[in-house]
Amino acid sequence: PPILWRHTKWGRSVNINTGGGLIGLLILIGDIWAIINILQSNAGMGAKLLWILLVVLLPLLVLALSWNSLDSTIWNHLLETQMARLLGNTLVLAIGVIVGVVLLGVSLAWLTSLCNFPGRRWLDWALMLPFAVPAYVLAFVMIGILDFAGPLQTTLRGWLGSDFRMVSIRSTGGVIFVLVLVFYPYVYMLARGAFLAQGRGLMEAARILGHSPWQAFWRVALPMARPA
């Protein structure tokens, strides 16, 4: 069943589906597609990778078999009352997280791979640290810091007056914000590898041909990194 995040504000309650299951399913489909491509390109490893593929598919097989024991009454109730809103929340979260992850991951990869500035070497590994923080832990930390009674808002109200309000972290935007911070290292790692493989020679050639730094990024570096 969908996971709900309930928040009551000004007499209204907002149910937000986290969308983590959809993102996990997309990652799993990508892994299966990669294994199939390896099977087609290397026949010698076919048997071993086929067993790996079967092991990966076992959880999905269990889920498929569990549909035989579903309670139709519960699903009819969900379809009539909640399903449209849950699917809409999931779609909004998936689109928001995908856009945020791509923007943050690609921009940070470009910054650390092709730009020189103080602290770049430190950022190379520091930007990988979200891998070590589970999503639910980061969510609790963000709520503790950014909530109405948290230290940040309390300090800002002391400086700016008691009427100061920040956008609530317990909202759709807050969930997207947390999930982007959790998942961007995947895009960052792949994009950084692609940018490093290109080297700076292509960018310098584009600049010699009259492109500005932004034009060189959009017309040369980004299209070549797109497969990653």
Side-chain angles (χ1 to χ4, degrees), residues 1-9 12-35 56-57 59-60 63 78 82-113 123-148 150 152-153 165-195 217-218 221-223 225-228:
I3 302 174
L4 301 181
W5 182 337
R6 179 174 292 276
H7 167 54
T8 302
K9 181 178 181 182
R12 297 178 299 175
S13 63
V14 181
N15 292 324
I16 304 173
N17 185 290
T18 60
L22 178 61
I23 297 174
L25 181 60
L26 292 176
I27 294 174
L28 180 59
I29 292 174
D31 292 340
I32 294 173
W33 183 257
I35 292 175
V56 171
L57 289 176
L60 292 180
L63 289 176
L78 288 174
Q82 300 287 337
M83 190 60 69
R85 180 169 54 178
L86 295 177
L87 292 177
N89 289 337
T90 301
L91 183 62
V92 170
L93 286 177
I95 294 175
V97 171
I98 289 172
V99 172
V101 161
V102 170
L103 291 177
L104 185 61
V106 172
S107 60
L108 290 176
W110 168 262
L111 186 68
T112 58
S113 61
L123 277 179
D124 283 344
W125 61 265
L127 291 173
M128 298 287 189
L129 290 179
F131 276 130
V133 183
Y136 70 92
V137 173
L138 185 60
F140 279 119
V141 170
M142 289 299 174
I143 289 175
I145 296 175
L146 301 177
D147 205 7
F148 179 80
L152 180 60
Q153 290 207 53
R165 297 290 187 276
M166 288 178 59
V167 177
S168 177
I169 190 64
R170 299 173 181 263
S171 62
T172 305
V175 178
I176 292 174
F177 174 69
V178 171
L179 290 178
V180 167
L181 293 181
V182 170
F183 289 118
Y184 87 83
Y186 295 97
V187 176
Y188 165 76
M189 182 174 58
L190 296 173
R192 181 175 179 274
F195 288 141
F217 171 75
W218 284 106
L222 190 60
R226 193 177 302 159

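Side chains included, hydrogens not; waters and symmetry mates left out as well; all remaining heavy atoms used. Since the structure is predicted, the reported quantities are computational estimates derived from the model, not experimental observations.
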- With Val101, which residues qualify under side chain to side chain contact (heavy atoms under 4.5 Å, CB included), at least two apart? Val97, Val180, Phe183, Val187
- Note on the structure: In short, salt bridge (Lys or Arg N to Asp or Glu O under 4.0 Å) pairs touching residues 88-110 with sequence neighbours left out are none
For residues 130-139, dump all side-chain donor-acceptor pairs below 3.5 Å to protein atoms at least two apart in sequence or in another chain.
none

- Task: Not counting sequence neighbours, list each pair that qualifies as a salt bridge (Lys or Arg N to Asp or Glu O under 4.0 Å) and has a residue in residues 174-195.
- Result: Asp124-Arg192
- Can you sort out the partners of Leu123 under side chain to side chain contact (heavy atoms under 4.5 Å, CB included), two or more places apart, ordered by chain and number? Thr112, Phe117, Leu127
- So which pairs with a foot in residues 83-103 pass ring pair (Phe, Tyr, Trp, His ring centres under 6.0 Å), sequence neighbours left out? none
- Note on the structure: CE (Met166) and CG (Asp147) are apart, to the nearest 0.5 Å, by 10.0 Å
- Query: What are the two closest non-hydrogen atoms of Ile169 and Phe177, and how far apart are they?
  - Reply: CD1-CD2, 4.2 Å
- If you measure from CE on Met128 to OH on Tyr186, what distance do you get to the nearest 0.5 Å? 11.5 Å
- Message: Between Gln153 (side chain only) and Leu146 (backbone N and O only), is there a donor and an acceptor less than 3.5 Å apart?
- Response: yes
- Kindly state each residue pair satisfying salt bridge (Lys or Arg N to Asp or Glu O under 4.0 Å) with at least one member in residues 136-145, sequence neighbours excluded. none
- Task: Indicate the atoms forming the closest heavy-atom contact of Ser171 with Ser168, along with that distance.
- Result: OG-O, 2.7 Å
- Would you sort out whether Phe195 and Val106 count as a side-chain contact (heavy atoms from CB on, under 4.5 Å), showing the intermediate values? CA-CA 10 Å; Phe195 288 141; Val106 172; 4.2 Å; yes
- Query: Nearest 0.5 Å, what's the CD1-CD1 distance between Ile176 and Ile98?
  - Reply: 11.0 Å
- Spacing of Tyr184 atom OH and Leu103 atom CG [to the nearest 0.5 Å]: 14.0 Å
- Message: Under the rule for side chain to side chain contact (heavy atoms under 4.5 Å, CB included), what residues qualify as partners of Ile95, not counting sequence neighbours?
- Response: Leu91, Val99
